[in-house]
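Worksheet: the structure to be examined is printed underneath.
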Amino acid sequence: MSSRMEEPNDIAGDDPWWAIAALSPVSLCIVGLDGSVVMSNAAFAAMVGRGADELRGMHFRDLTHADDVGRGQELFDEALRGERTTYRTTTRLLDADGHVVWGDISVALVRGAGGDPQYFIGQVLDVTRDRADRAKLTETVREGVREGARERTRSDVMLDSVDVGMVLLDSDGRYERINRQQQVILEIAYPEDHLGRAGQCGEVYAADGVTALTSEQQPCSRAARGEEFEDQRIWVGATPGDRRALAASARSVRDDRGRRDGAALSFTDVTDLFESLRAREVFVASVSHELRTPLTVVLGHLELLLDQDELPEEVSRELRVVARSAVRLRALVADLLDPATTMAGDRTRGEIALDCVSTDLTGLVVEVVESALPGALAAHVVLAARTHGTTRVVLDPHRVRQVVENLVGNAVKYTDSGGRVDVVLDLRDHEAVLSVADTGIGIEAGDVAQLFTPFFRADPARRRISPGLGLGLGIARSIVLAHGGRLEVHSEPGRGSTFVATLPVGGPA
Ligand code: ADP
């Protein structure tokens, strides 16, 4: 601790930073490692109604409501043990007359050059008023529930009967109304109580389930800023194993003249869905692993057999058929193990790692089309490609080849004999646009939205005896999205489909 810290006075002196601290409207204090106040500014002294001299040496326990001392001490000890460097908590402080003052307290442990703890810096916001508003809000909800249909409108009854949490924010981001389910969610997400205002940090985590959301990232903060969104995936709850997954959506509320006047949010509990998806992923991954080893053995031995010169022609022909199927099986297993598979239906869970280089996309497309020609010929489907000069694009050639192979392969696969597939590569406004159009079976409008969902196969495709797992398109879209591009589909049942992949020429941002 610097020598200044030992001076027996308030935060003040010739250093402008200390002067700023002294004059700050935010309550500031420095607490020693034994938990007693070393210094405090005027705002803090005013907040707890005591003089700076009186405060010096007082233990924070003596300034805290008895019910909140335990939690405060716990956080303090965790910081001292090195388990956390900072913490934020809402605590009831007591002023000199024993009145409760609600504090939103941010604490940081300052360490010396050698890493040893020196002292704590605390910043305290007086949130007593917010608390009172919150209490009123809670009371309104409870009242509503207690009073039953007598006081509550029919729409209140309806809102409380759904298992989706709902929040109505006013134009300042304050909670104007919540329904009963949201009350339950708030209790899980904010065990230390919610102050009825958007942006409070609590036990709220990002889609990965571990990264705490900052105030700005909270769904209510985003909605209060006027953002509208669907399905922001968050996890809430203090204990990692018991967290609930929620999908949050927000819409702006407008007054008669169309001006923004708050926002409405909904929070749907998607934990069960999430758990079952995770269980399926684990199952698929372990089955695929088990399949890969024997497949590698089969392929290795087939290669050895095919290398033998003295094999009768018909035996080697049959062996080549077996080898082709085994190679196809290996590709399917690889799809199942592709990390992009698990991201296909859920963009929020992370990006695919790309290895981007400047690539001749025209050459890549032509190569893929050429290798698909024998298959198209056998299916009596005309396959034609039209490209314009050399289109150099910064991309991951291995991944983008996977996309083009999937789109061209599907177009041929889902087109009947006598049909055609046209592959066109264009350059427009710094974007490479690849369109793969077929005159095939097409896709029902209701199925289009699900095409990118892992394992989805539309009915006609299922009825046709065509191999496929329904994974390719989801993977293709994840790859295109990771490149900063988009993948769109236009289709008419019975007439054909066009898939359009657009990639920024300069590569992912
Ligand atoms: P797969 O082809 O292995 O089933 P995909 O993920 O590539 O898996 O495609 C998912 C589904 O989308 C297919 O099962 C099929 O129903 C539909 N589909 C994809 N491409 C086309 C197309 N060109 N024409 C008609 N349906 C298609």
Side-chain angles (χ1 to χ4, degrees), residues 277 280-281 284 287-288 291 324-325 327-347 352 365 368-369 371-373 375-376 379-385 399-425 433-482 486-502:
L277 282 176
R280 186 177 70 176
E281 271 167 30
V284 166
V287 169
S288 325
L291 288 177
R324 268 203 302 279
S325 293
V327 167
R328 168 99 190 118
L329 203 54
R330 186 177 55 187
L332 290 174
V333 171
D335 268 1
L336 283 171
L337 281 174
D338 195 317
T341 308
T342 51
M343 289 175 210
D346 186 355
R347 267 203 284 152
I352 306 166
V365 170
V368 172
V369 170
S371 56
L373 274 174
H380 302 287
V381 170
V382 175
L383 173 59
R399 286 309 204 169
V400 171
R401 178 180 296 274
Q402 214 179 332
V403 175
V404 185
E405 278 173 355
N406 175 260
L407 297 183
V408 174
N410 276 350
V412 172
K413 189 159 77 173
Y414 297 113
T415 298
D416 288 323
S417 154
R420 62 175 294 136
V421 173
D422 286 286
V423 181
V424 181
L425 178 63
V433 183
L434 175 76
S435 124
V436 180
D438 64 58
T439 59
I441 58 172
I443 305 153
E444 297 288 339
D447 289 338
V448 171
Q450 296 196 69
L451 283 186
F452 304 104
T453 309
F455 303 104
F456 176 80
R457 306 197 72 209
D459 255 350
R462 279 196 223 106
R463 284 199 296 269
R464 281 172 163 241
I465 310 162
S466 65
L469 289 172
L471 285 174
L473 272 181
I475 295 177
R477 189 179 67 163
S478 295
I479 294 171
V480 172
L481 288 174
R486 22 182 221 285
L487 179 57
E488 288 150 338
V489 50
H490 314 278
S491 186
E492 232 183 288
R495 304 204 62 158
S497 313
T498 303
F499 285 81
V500 183
T502 309

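Every number for a ligand or one of its atoms is a count from 1 in the order of the listing.
In Asp438, the part holding a heavy atom less than 4.0 Å from any atom of ligand 1 is the side chain. Counting heavy atoms under 4.0 Å from ligand 1, residue Asp447 does not touch it at all.
Set against the non-hydrogen atoms of Gly442, the atoms of ligand 1 under 4.0 Å away are 25 (C). Of all atoms in ligand 1, listed by their number and element, those nearer than 4.0 Å to a heavy atom of Phe499 are 20 (N), 21 (C), 22 (C), 23 (N). Of all atoms in ligand 1, listed by their number and element, those nearer than 4.0 Å to a heavy atom of Leu451 are 12 (O), 17 (C). Close approach of ligand 1 to Lys413 (heavy-atom distance below 4.0 Å) involves ligand atoms 1 (P), 2 (O), 3 (O).
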Check residues 401-411 and write down every donor-acceptor pair under 3.5 Å in which the side-chain atom is one partner and the other belongs to a residue at least two apart or another chain.
from, atom 1, to, atom 2, distance (Å)
Arg401, NH1, Glu367, OE1, 3.4
Arg401, NH2, Glu367, OE1, 2.8
Gln402, OE1, Arg399, NH1, 2.8
Gln402, NE2, Asp338, OD2, 3.2

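When only interatomic distances are considered, the shortest N/O to N/O separation between Leu473 and ligand 1 falls below 3.5 Å.
Separation of atoms OG1 (Thr502) and CG (Leu487) is listed at 8.5 Å; rounding is to 0.5 Å.
The closest donor-acceptor contact from the side chain of Thr439 to the backbone of Gly419 lies at 3.5 Å or more, if one exists at all.
Within the set Val408, Val489, Asn410, the minimum heavy-atom distance to atom 7 (O) of ligand 1 is found for Asn410.
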Test log, rule side chain to side chain contact (heavy atoms under 4.5 Å, CB included), inputs Thr415 and Ile441: CA-CA 6 Å; Thr415 298; Ile441 58 172; over 6 Å; no

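For Ser491, the side chain to side chain donor-acceptor pair (under 3.5 Å) criterion is met by Ser497, not counting sequence neighbours.
Taking 4.5 Å as the limit, every side-chain heavy atom of Leu425 sits out of range of all side-chain heavy atoms of Val433.
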